[in-house]
There are 6 protein chains.
Amino acid sequence: MFMHNKRLMYTVRVSEPNPGLASMMLEQFGGADGELAAAMRYFTQALGEEDAGRKDLLMDIATEELSHLEVIGSIVAMLNRGAKAQLAEAQLEENELYLTMNQGGASHISNILYGGVPLTNSVGLPWRAEYIDSRGDPTCDLRSNIAAESRAKIVYERLIAITDDPGIKDALSFLMTREIAHQKSFEKALYAIEDNFPTGKLPGMPAFTDKFMNSSQGPGDTEGSWNTGPQWERIDDYDDQMAVDGGDGTASVNLGASDLAAVEKLALRTKSMPDEDPVTGVDLGAGPGAGATTAIRH
Amino acid sequence: MFMHNKRLMYTVRVSEPNPGLASMMLEQFGGADGELAAAMRYFTQALGEEDAGRKDLLMDIATEELSHLEVIGSIVAMLNRGAKAQLAEAQLEENELYLTMNQGGASHISNILYGGVPLTNSVGLPWRAEYIDSRGDPTCDLRSNIAAESRAKIVYERLIAITDDPGIKDALSFLMTREIAHQKSFEKALYAIEDNFPTGKLPGMPAFTDKFMNSSQGPGDTEGSWNTGPQWERIDDYDDQMAVDGGDGTASVNLGASDLAAVEKLALRTKSMPDEDPVTGVDLGAGPGAGATTAIRH
Amino acid sequence: MFMHNKRLMYTVRVSEPNPGLASMMLEQFGGADGELAAAMRYFTQALGEEDAGRKDLLMDIATEELSHLEVIGSIVAMLNRGAKAQLAEAQLEENELYLTMNQGGASHISNILYGGVPLTNSVGLPWRAEYIDSRGDPTCDLRSNIAAESRAKIVYERLIAITDDPGIKDALSFLMTREIAHQKSFEKALYAIEDNFPTGKLPGMPAFTDKFMNSSQGPGDTEGSWNTGPQWERIDDYDDQMAVDGGDGTASVNLGASDLAAVEKLALRTKSMPDEDPVTGVDLGAGPGAGATTAIRH
Amino acid sequence: MFMHNKRLMYTVRVSEPNPGLASMMLEQFGGADGELAAAMRYFTQALGEEDAGRKDLLMDIATEELSHLEVIGSIVAMLNRGAKAQLAEAQLEENELYLTMNQGGASHISNILYGGVPLTNSVGLPWRAEYIDSRGDPTCDLRSNIAAESRAKIVYERLIAITDDPGIKDALSFLMTREIAHQKSFEKALYAIEDNFPTGKLPGMPAFTDKFMNSSQGPGDTEGSWNTGPQWERIDDYDDQMAVDGGDGTASVNLGASDLAAVEKLALRTKSMPDEDPVTGVDLGAGPGAGATTAIRH
Amino acid sequence: MFMHNKRLMYTVRVSEPNPGLASMMLEQFGGADGELAAAMRYFTQALGEEDAGRKDLLMDIATEELSHLEVIGSIVAMLNRGAKAQLAEAQLEENELYLTMNQGGASHISNILYGGVPLTNSVGLPWRAEYIDSRGDPTCDLRSNIAAESRAKIVYERLIAITDDPGIKDALSFLMTREIAHQKSFEKALYAIEDNFPTGKLPGMPAFTDKFMNSSQGPGDTEGSWNTGPQWERIDDYDDQMAVDGGDGTASVNLGASDLAAVEKLALRTKSMPDEDPVTGVDLGAGPGAGATTAIRH
Amino acid sequence: MFMHNKRLMYTVRVSEPNPGLASMMLEQFGGADGELAAAMRYFTQALGEEDAGRKDLLMDIATEELSHLEVIGSIVAMLNRGAKAQLAEAQLEENELYLTMNQGGASHISNILYGGVPLTNSVGLPWRAEYIDSRGDPTCDLRSNIAAESRAKIVYERLIAITDDPGIKDALSFLMTREIAHQKSFEKALYAIEDNFPTGKLPGMPAFTDKFMNSSQGPGDTEGSWNTGPQWERIDDYDDQMAVDGGDGTASVNLGASDLAAVEKLALRTKSMPDEDPVTGVDLGAGPGAGATTAIRH
């Protein structure tokens, strides 16, 4: 069960209202790597987890992320506080209000539609659970969590770089730091599973686990430990990358008589006549006097 | 520049049409961890990469994933081949066609709307780039790629578990194996960056990198290397988790005179009257004779 | 700041696993009127609220809704617990697993992709913040909250009607009941604002607040207190519904010389020639022998 | 059946083109509380309604909202008329055109992609039916309609506040006023249902309809008619909010032997080893010389 | 201005309720090629059109499509009428109701969430304006309209094929026929523009309008009027398809000193060390005893 | 199988970084008519195509579009190259960085979230497969492809109009020209199908293929070859447009006894009382002193 105390996890002191900056901050409120995504990612994993230790860890961090959501949301609320009230009370001239609303990002929709604290990212896209990649397998999920924490860290770093408000910089630094700490926890939990690679139970096919397909060639082709060396057999010849099973590289299905008849009927009805050169809509439509069309005429 | 050869990377032999199974396979065609997501993830990273080695690696694997997309898409096409033709030619009775279309997952929309090979997941949700989490920072992106490969591996494993068609099982096993190989490559590339943790340039705040907030307590609270031990200072008392900066845990912003006046006006206009007990719509609406409402009456 | 205790708000006792029923339950977990939508709706309102009483109320209920989310999510986890493990361990034959995955709704994607507890609705659509309609104006938001609670109540009622598992029925009844209680609270809070209609500050134009436009006529046209009586002037004549400002009912804009020249040039370049009867792609494409096309030939 | 007359419901006189303002206006054309949302909300309700009076009312207002959609869309078309033509004819210098396209909101995409009148909101998000919350129950739907009208009213009020074009202000005021009138109609229709609370048929559980859970505590905890007084029993102690059914607050499911074996196998295979302190990727990745990482080293 | 008459454009006679079939019909109500998409496509084009003839045509057909939306929506309402009432009144046993809700497609969500007439497609995806491709250029838009009508025709044909209810078949045939008629109108309007190809004003680059790039080679490479013959110069050699401008095929940008310094710093900080073979997370994670991992060990 | 060469199809020379322009270019990278949409449109069609000639054509152009995606993506990468590095290295002052990020469109999210090359359109909306309208019927799909090429052409033309960077203009002109060439190929392929209108197999109902419904009347009603002449019977009278089947224009369904009883019970329970004038929430809420409400008082 969740409980709440009105004291924030980190005190928020904002120097002055700034709807444009508020809009940038939304990236970590309702954005892809934001705090709601983090909270829901770990919360959904916790609900289905069978291991008591991981379940506890996931619920701990899910809960902390909700507290972070409150901190970043409070920053947004403070940055929009003036503009929201000015618009609600229509205290400024129309032109002033118009300019106040349009300060970059989604600052206009933040106040005109949402009235201050929208659950969107910085371009106004409402949060969507596509951001969550919980798969119910701990060795997948912990890797996804590690990656997610590293992404959240870098987005905070970028937000810190664009604001000089000391109170905001301070609170963002705290939130960024906690992503570092969380990554550490998830790494511990991943490697606390004895056999964590590859994910799941099924082994790979031995013939294909160590091959590196050099699919992109030409100037800039490079060697490194990721495609060359004792762990790799590198395939450079395109022909050796095709139909690696030794078959002919086609796709086929066994069709019963009824299906086969239908496929043949469909193929006949819609077959193309490659030997004819039909008049087309383009021929009808390329007007005689237009310079634009001479280029495509013969 | 991309080139294409009509031979598949892996030969596809499907035993018989099966629209319901086709629908499940869509998870790896147009789904969150599917091959298009993989290809676009690496391709967008490659375009912005400054390091020649990683750029090459990313483009190699992006290209191979497109070839995988073709393999899984061919499986879908073969599984839907009969149903698509039967519907197009209306060869079966209406009831038979209706049943053919409704075999689970999104099999109905696959043929009625899309005509066979939709770029959707297994419930018919069209693919969306929210699935891609490229951030343009290599230590983030490689971690995201590692996680993505591990997710794709597990989804293939699950699809292998639900089909006994040997040709499909075989092709899926190949695709699954390649995810294992790709994860290995991305791990090499991550650790080939000398200083890869934490992501980015900014260090964390020393006071908060090693603290573990025990946010979820009660029965089931557990210790492990992720929250206890030499690397951690664990905070159990909720009060010590609040306002960790030493402030009062409130949010505030300095408002200029004009903003302040507007805020006060807004607050006054919409203030609640806590001391009165107003008649409400509920009081108007709870009908006298309904048993449903006695529970809420006084 | 949020805190968590591992005891649920309401004990969850599920009789037996049932992935199909789990999928239905998702409607209140990751669906439009589900508990996350409720929690985020009130939480975003609370962050921007200036009135202490409403801010407290909103945060109280937001927090409780998170606890509800945990209850309904636990029901889903229990209903999917067996299927998830069977798939992970591939303990059943392929055909059995296939059938286990396909039990209606989005039960297949719940386990194949998400591994048990997806943040989606019952057709597998990931949750999206479009479900939240917070507008930052209390007389709007409280009406939206009242409506949202009434919707959540009816969806719970429908879910109760389709399951005979007593433990689930019981927990759903608790959750449904709380929506009734919350609606009561929000009604009190709405009418505790002295002047709550119309929303906002601007009055309507007196000429148009009391008119009822009878836009849909013909058999079934009806009178009621919503369109007739002392509060209404009903307009039946379509002509009296047009250009009610007394103008000519056109749309126009004053264009400067440069814009006007561009518009005229555009109009000239793309003007249609209504007097000619051109040959079209249809004329090219309607094949001579097809019965299908005789209907459109002349 | 729908019919159309080319005269608008309200004459539209725009002073001068302004793509930035056009973009703001889109909020009520293709936005969440816009006229299409209103029209489709009432139209879908009307189709399924069994009561003749409400069916008539819903179709009346749905039709009027389509006429409103035409008015607001005409405002957008007029505001974009110059920019659209300038771009189509490439009459201005590139830099001038670039600036013309970039005037705030989604003004660039409105003309570059959509060519003038996009069915999006003010940040360019295409309209989505998630905005519609019709539930097919009249006491829900009418409450949702009341709330929707109040939201539309406030958004019009905000748009009126940011423009000084008298023709636009006038047309927006008309549209805003009609939302007030519609709210009145829907309120009448709601209270014309004798027993309209709670929604649906099922009564609440008497033990929980009148309890108020004080979930958010600490500084700012407040009393009001929404949580205190004769209609409420207020629960302040967190422990009394947990497991209110009297159980232990856990979640459980009865598993058959096969499911139980699978769950145990899964748990064993993925169990964490809490007593060890494994080397992790973080340990591998924190480079020796980076100041960033000293903070997390021990 | 829109008006409405309660008589439908086509009488709807449904033989018996069928929620599963209702769900299929949604494809043309709230689906990608459905009637709302059609109506909004033409309506948005009409608002911005400068040519009186096309504006009239577009508004005519937009209005008729709304009437079609009403017809198909009425079919859905009739097919769901029984199930909706059974659920609302909870008249059937739980198991019967569960089965009634789960009859394929999105039949469950149609009634449990939406209560009968959802604005979704057949898998329950809410309608989205991404389906509309109006671009504000008549030679584009008319081609898009022609294509859209042909798509709507085929989807109706497929729906007709799966139902044997004569009343539904009849109404669908009417709706399908009108798509044929509309395609004819749009073709006339397209070719009534004298110079309609290529779209817009700019001519193509003469060197590249007639070249055909044979990008996909290998078994199945084919010739036809679309790539061979007097109108085409066919390029088979991949090398001749690269850098066709005669350059070196790289991408570059001129960077100022500050940007250059930042790029170099970034490159240095994140450079990979291709000559080393680092220990990775995979090496840490591949447990000693797992058969799954032997395949990837060396 | 796909292969890749690092040489671009067209050399990209960008004069200087410009994040705002980069953002506009995204329209053709991750936008509705962009190159990924084109590639995936043709690729999904190719997979299901039965005709060898069209299958080859579709795969040729799909592959070329991927190469175009790389060209436009490289333009975006070059335009964002400086800003991305400046942000990553935090080389500029905060205010300078803030301004660098906010240069129009979605330039801020491009770098703050995505780090340079996002798969979004110009307002930051991630790409979605709703943009693809493949239907698996060649006469539909080819018409959709023709329309899509014409749309892509016009968007390129508009982008060319807003930039004066000669290298970008040149590359965009190449890409635009190829859309013209592709449209020509698809037109040939369409008319190479002998009987291509109407789409599919079913003929229209003769009574309704040639009627034109004049649904929109009033000032501006116009005649043209699209609604008048030998191919059309034009219906002007609204009454003749209703119930054109000769029925009464109602919707009905035969209900069994159980369904009928449920419907009647539902209707009775929720019937409106049209003869009473109930007190409503509006009456409760319109405060006595507010000028805003006098307009709606009686």
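Residue numbering restarts at 1 for every chain, and letters A, B, ... go by the order of the sequence lines.
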Does any backbone or side-chain atom of B:F29 lie under 4.5 Å from a heavy atom of chain F? Answer side chain, backbone, both or neither. side chain

Pick whichever of B:D141, B:L125, B:V117 has the most heavy-atom pairs under 4.5 Å with chain F. B:V117

What are the two closest non-hydrogen atoms of F:G48 and B:K84, and how far apart are they? O-NZ, 2.9 Å

Under 4.5 Å from any heavy atom of chain F, what part of B:T63 do you find: side chain, backbone, both or neither? both

Tell me, out of F:A62, F:G115, F:A129, F:G30, who's got the most heavy-atom pairs with chain B below 4.5 Å. F:A129

Cut-off 4.5 Å, heavy atoms of chain F, and the answer for B:M9 is both

If one checks every heavy atom of B:R7 against chain F at 4.5 Å, the contacting part turns out to be backbone

Write down the atom of F:S67, the atom of B:M1, and the distance for their closest heavy-atom approach. OG-CG, 3.2 Å

Side-chain contact test, heavy atoms from C-beta onward, threshold under 4.5 Å: evaluate it for B:Y114 versus F:R135 and give yes or no. yes

With a 4.5 angstrom heavy-atom cut-off, is it the side chain or the backbone of B:Y10 that approaches chain F, or both, or neither? neither

What one should report as the nearest heavy-atom pair of B:L284 and F:V279 is CD1-O, 3.6 Å

With only heavy atoms counted, which part of B:D137 is less than 4.5 Å from chain F, the side chain, the backbone, both or neither? neither

With under 30° as parallel and over 60° as perpendicular, where do the rings of F:F2 and B:F2 fit, or are they tilted in between? perpendicular

As an exercise: rank F:K55, F:M40, F:H68 by heavy-atom pairs under 4.5 Å with chain B and give me the winner. F:M40

Compare all side-chain heavy atoms of B:E64 with those of F:H4 and state whether any distance is below 4.5 angstrom. no

Quick one: what part of B:L69 sits under 4.5 Å from any heavy atom of chain F, side chain, backbone, both or neither? both

Reported CG-to-CZ distance for the pair B:L66 and F:F43, which is rounded to 0.5 angstrom: 7.5 Å

Taking side chain as everything from C-beta outward and backbone as N, CA, C, O, which of these in B:T280 sits under 4.5 Å from a heavy atom of chain F? Side chain, backbone, both or neither. backbone

Determine the minimum heavy-atom distance between F:A77 and B:L47, stating which atoms define it. CB-O, 3.5 Å

Minimum heavy-atom separation for B:A88 to F:K201, with atom names? O-CD, 3.5 Å

By a 4.5 Å heavy-atom criterion (distance strictly below it), what part of B:N111 contacts chain F: side chain, backbone, both, or neither? neither

